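Labels below follow one simple rule: chain letters A, B, ... track the order of the sequence lines, proteins then strands, and each chain is numbered from 1. Every value quoted in this text rests on a predicted model; they were computed, and no experiment measured them.
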Amino acid sequence: MHRARNTKSKRAGGARRDARTPRRARHDRFDLGSLNAPQLEAVLHDDGPMLVLAGAGSGKTRVIIYRITRLVRDGVPPGQILGVTFTNKAAREMRERLTELAGPRGAEVHLSTFHALGLRIIREEREAAGLRAGFCIYDTGDQLSLVRDMMRQTRVADRRLDPGRVLEMILSAKRGRLAGVEVDHEGDEYDVAAAELYPRYVAQMRAFNAIDFDDLILRAQDVLAQPLVRERWQARFSYMLVDEYQDTSPDQLTLLRALAGAKRNICVVGDDDQSIYGWRGAAAGNILSFGKAFPGTREIILDQNYRSTQYILQAANAVIQNNAVRKAKRLWSAGGDGEAVEVVACGTGDDEAAFVVDRIQQLLYEGARADEIAILYRANVQSRAFEELLALERVPFRVVGGQAFFERKEVRDAIAYLAVAQNPLDEVALRRIVNSPPRGIGLTSLERLVQHGENTRKGLWAALVQAGSVDGLSVSAVAGAAQLVGVLAPRARRLRAAAAGELSRQCQELFDQLGLRDAILTADDAPGISAKRLENLDEVVRSIEMFERQSPAALLLAEYLRSSALTQLPGEDGEDRQARVTLMTLHAAKGLEFRYVFLVGIEEDALPHRKTLEEGGDLAEERRLCYVGMTRARERLWITWARRRLRYGRLQERAASRFIAELPVGAGVTTHEHDTSGVSEEEQDQMAQDFFSRMRDRLGIDD
DNA sequence: AGGCTCTCTCTTTTT
DNA sequence: GAGAGAGCCT
């Protein structure tokens, strides 16, 4: 095995990269000879369950694509193959690479997210799933609105309880298919509130003909519990492949088992060391006990890494091996050692930002592209200091994630109008739009209408239709209701029946008639803002057009609404040709790779996050997060922390993360100080060395 | 109904 | 220190 030189020129680095990243090659040609032994074994495996433990950068996706292509080449009808991913993005990527490798037949393979798969089953088995036609899907925002409304209405919890937390409790009871929420501690307001609201939540969802994201999995599971239905679906898919298996929940596993049936041709691919979504229901245990769920499982380990240098892998391995419960594997690479991983102790948060931005500028000066560089952190707030300095220094950058997407009120409103047109029982949507744009129906009037709707058992929409006979409404409210009903009712039927080609036009007309554009223009936002919001509104109509073009004609509106709940509308800067430095959370970075990576703010309370430590959370998951971050780096990795940091408005003393102490300093990892507050270099070095020997002592690690 | 001030908290996030 | 949300005031 040749050892690439560590220090030499960019050219060497470039050539080496080409040689060892065949999986990213532009035109991947089907060539079994390009696979390593375990990869080949996974691709050639015939029938029966298989678990592929794919370490970071081990060519995981490529194995999936190759396996599918191989099955198709061996005569399996592509329509009989089901590939399941977690995100739309992953599904899209897989589709592209598959069509490239397998040709047009690759397009016939079913690739979908878990939730889209659930929806498909529920849609086709709607009655068995206990739903009426035109049912709608509630996203997290809708769920929260519902919980807030319920809290207001029942008064059970009108004090300052966090609706999100109440919702979380309701959902976890629902996931566990419990009859109710248990009141563990007599006095606990949250227990009491959740116990009271749980049955109401279920009843409301039923009344609104709505299901939430969890229901997509749970109801599909219910439907498949019926033998005839199950057999039908089992017959449809003869081979299943599941990506990112470490992120599956127990419910998803149940669904998979039902689909796999007696054939058990199920291949799951994942990495227990990259399980970082335990907090949202993923069961890392799924991957560890896959062999129990499917006896006779063939287990394959992909531990050859094609991404990072030896030093980076050694450092990452050293950290992750401190996790007690994991599948033993150790990433290795045929590449060279590369440059040492640098741990940088900074004086303050400002020093840290200065160091990172300075290094970035140096890299750019040496010819690196900005999009080969990433700054990764635990929590979104940590991006601030880096954003500011990068902006000041005019280094192009983009911040991934945050919220932004969510709060496009005008988009949500427009969609809510369509949702009501489709399903007048959808009261979350109806409440949202009833007074937006303003029609004189304030909170008091709305509550009266809701009450009337409940009393008559006909719902809010019916109450609006007969607003004239509802007690205690103001004249303006009655007029407002009449106006809303007058516009929406006659259009609703035509919208529901609209075929491809007319739906988008009709929506546009509806929006105009409702005065959505005017409302945006009248609102006294800054001119730039209202222009943006108008654009967003147009974007809605455009997305409907897109949908019309690629969908079969029947029930277009209902399908559009459901699919828009499952796929985020495209962000603003989809196509951006300029190379930019990427700033994002460690979570968001999973699955990506960069030539140069800065892991910043690696301090106690931040990387093992305070909350995890306090709330008896999962320290191992924090360590995996660190591992995920480190393994994003191809060539160079910096890990930085600050001794003092301005937080919550005050200067805080900080300690390096315990994960830093787990690094093999001296063996491909170097440390140094970056403190501008006037300490001499010798002192700084001494401090760093002292720090590490103290840390090692404390943790009982040999030098 | 809307705007203002006070108070509280301060992960991660896809579907 | 900053943003969100509740409550109070006009």
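The nearest whole Å value for the distance from the CE atom in A:M151 to the C1' atom in C:dG5 is 12 Å. What separates CZ of A:R650 from C1' of B:dT9 is a distance of 14 Å, to the nearest Å. Here the P atom of nucleotide B:dA1 and the CG atom of A:L446 are 9 Å apart, to the nearest Å. Counting to the nearest Å, the P atom of C:dA2 and the CG atom of A:L646 are 10 Å from each other. Per the geometry, OH belonging to A:Y277 stands 10 Å off P belonging to B:dT15, to the nearest Å. The nearest whole Å value for the distance from the CG atom in A:N380 to the P atom in B:dT14 is 10 Å. If you measure from atom CZ of A:R165 to atom C1' of B:dC8, you get 14 Å, rounded to the nearest angstrom. Spacing between atom CD of A:Q252 and atom P of B:dT14 amounts to 15 Å, rounded to whole angstrom units.
The ring of A:Y648 lies on top of the base of B:dC10, close enough and flat enough: under 5.5 Å between centres, under 30° between planes. A stacked arrangement is not assigned to A:H115 and the six-membered base ring of B:dT15, the conditions of a centre distance below 5.5 Å and an interplanar angle below 30° not being jointly met.
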What N/O pairs connect the protein and nucleotides 8-10 of chain C at under 3.5 Å? Give each pair on its own line.
none

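Comparing A:N435 and A:R647 against DNA chain B, the residue whose closest nucleotide sits nearer the 5' end is A:N435.
Candidate nucleotides B:dT11, B:dT13, B:dT15 were compared by shortest atom distance to the side chain of A:R378, and B:dT11 ranks first. Of the candidates B:dT13, C:dA2, B:dT14, the closest approach to any side-chain atom of A:R384 belongs to C:dA2. In the set C:dG5, B:dT15, B:dT12, the nucleotide with an atom closest to the side chain of A:R148 is C:dG5. Of the candidates B:dT13, B:dC10, B:dT14, B:dC10 carries the atom nearest the A:R610 side chain, counting heavy atoms from C-beta on. Closest approach to the A:K611 side chain among B:dT11, B:dT15, C:dA2 is made by B:dT11 (side chain taken as heavy atoms from C-beta onward).
Judged by distance alone, with hydrogens and angles left aside, the side-chain atoms of A:E125 form no donor-acceptor pair with the main-chain N or O of A:V223 at under 3.5 Å.
Separating the P atom of B:dT12 from that of C:dG5 is a span of 15 Å, rounded to the nearest Å.
In this entry C:dA2 has B:dT9 as its Watson-Crick or G-U wobble partner, both defining distances falling under 3.5 Å.
Taking 3.5 Å as the limit, the base of B:dT15 and the side chain of A:T140 contain a donor-acceptor pair of atoms between them.
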One pair to check against side-chain hydrogen bond (donor to acceptor under 3.5 Å, both in side chains): A:D271 and A:Q246. What are the steps and the verdict? CA-CA 6 Å; A:D271 180 2; A:Q246 75 281 355; over 6 Å; no
What verdict does the side chain to side chain contact (heavy atoms under 4.5 Å, CB included) test give for A:D471 and A:R448, after you've listed the backbone C-alpha separation in whole Å, the side-chain angles of each residue and the deciding distance to 0.1 Å? CA-CA 8 Å; A:D471 290 338; A:R448 294 217 165 103; over 6 Å; no
Please walk me through it: do A:E387 and A:L583 pass side chain to side chain contact (heavy atoms under 4.5 Å, CB included)? CA-CA 8 Å; A:E387 288 178 56; A:L583 279 68; 3.8 Å; yes
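With no hydrogens or angles considered, no side-chain donor-acceptor pair links A:R645 and A:Q652 at under 3.5 Å. With 3.5 Å as the limit, one finds a donor-acceptor pair spanning the side chains of A:N286 and A:T248. In this structure, a donor-acceptor pair under 3.5 Å is absent between the side chains of A:N323 and A:Y627.
Listed by chain and number, the residues in a side chain to side chain contact (heavy atoms under 4.5 Å, CB included) with A:R650 amount to none (sequence neighbours excluded).
When heavy atoms are screened at a 4.0 angstrom cut-off, A:I441 is found touching the sugar-phosphate backbone but no base atom. Across all strands shown, A:E622 has heavy atoms under 4.0 Å from base atoms, whether or not it also approaches the sugar-phosphate.
Within the 4.0 Å cut-off from OP1 or OP2 of B:dT11, not a single side-chain nitrogen or oxygen of A:T612 is found.
For B:dT11, the glycosidic angle deviates from 0 by 90° or less, giving a syn base.
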